[in-house]
Amino acid sequence: MVNTTAAMVSGGVLPLASLNHISIVCRSVEESLDFYMNVLGFTPIRRPGSFDFDGAWLFNYGIGIHLLQSEHPESLPAKKEINPKDNHISFQVRCGS
């Protein structure tokens, strides 16, 4: 949601420069780390120690990803197929070499 007060103070549109990070709530931080590190090549970075929940921060390609362990992973809806109308991240990759 846009902070309309901040937008009005700056004269309209917020002066966004780039994407800082994406946060993803997951069933298992360990399984998600395996995917983002070993399949997509992200690297773990230091996460502030003040957080009182499990998670991990990753970075590569100019993109930060914050994995957040769900407090109730059993209550997350089961994903059986990719739905382009659901929350998602899209990465463009080069094929072949």
With the 4.5 Å side-chain cut-off for hydrophobic clustering, are Phe91 and Tyr61 part of the same group?
-> yes
Rounded distance [0.5 Å steps], OG in Ser28 versus CG in Asp34 = 9.5 Å
Can you measure from CD1 (Ile65) to OG1 (Thr43) and round to the nearest 0.5 angstrom?
-> 11.0 Å
Might you confirm whether atom CD of Glu74 has over 12 heavy atoms from other residues, nucleotides or ligands at distances under 6.0 Å?
-> yes
Can you check whether Val25's main-chain N or O pairs, donor with acceptor, with Gln69's side chain at less than 3.5 Å?
-> no
Nearest atoms (heavy-atom pairs only) where Lys85 meets Asn83 = N-OD1, 2.8 Å
Straight-line distance of Leu67 CG to Ser32 OG, nearest 0.5 Å | 5.5 Å
Is Arg47 close enough and on-axis enough to Phe53, meaning under 6.0 Å and within 45°, for cation-pi?
-> yes
Correct closest heavy-atom pair for Gly41 and Asn60 would be O-ND2, 2.5 Å
Which value, rounded to the nearest 0.5 Å, describes the distance between Leu58 atom CG and His21 atom NE2?
-> 12.0 Å
Give a yes or no on whether Phe59 and Tyr36 share a hydrophobic cluster (residues Ile, Leu, Val, Met, Phe, Trp, Tyr; joining criterion: side-chain heavy atoms under 4.5 Å apart).
-> no
Just wondering, are more than 12 heavy atoms of other shown residues or ligands nearer than 6.0 Å to CD1 in Ile89?
-> yes
For the hydrophobic clusters of this structure (ILVMFWY residues joined by side-chain heavy atoms under 4.5 Å, transitively), does one cluster hold both Ile24 and Ile82?
-> no
If you group Ile, Leu, Val, Met, Phe, Trp and Tyr by side-chain heavy-atom gaps below 4.5 Å, do Val39 and Ile22 land in one group?
-> yes
With the 4.5 Å side-chain cut-off for hydrophobic clustering, are Phe35 and Ile63 part of the same group?
-> yes
Fit a plane to each ring of Trp57 and His66, take the angle between them on a 0 to 90° scale, and name the class: parallel (under 30°), tilted (30 to 60°) or perpendicular (over 60°).
-> parallel
Closest heavy-atom contact between Val29 and Gly55?
-> CG2-CA, 3.9 Å
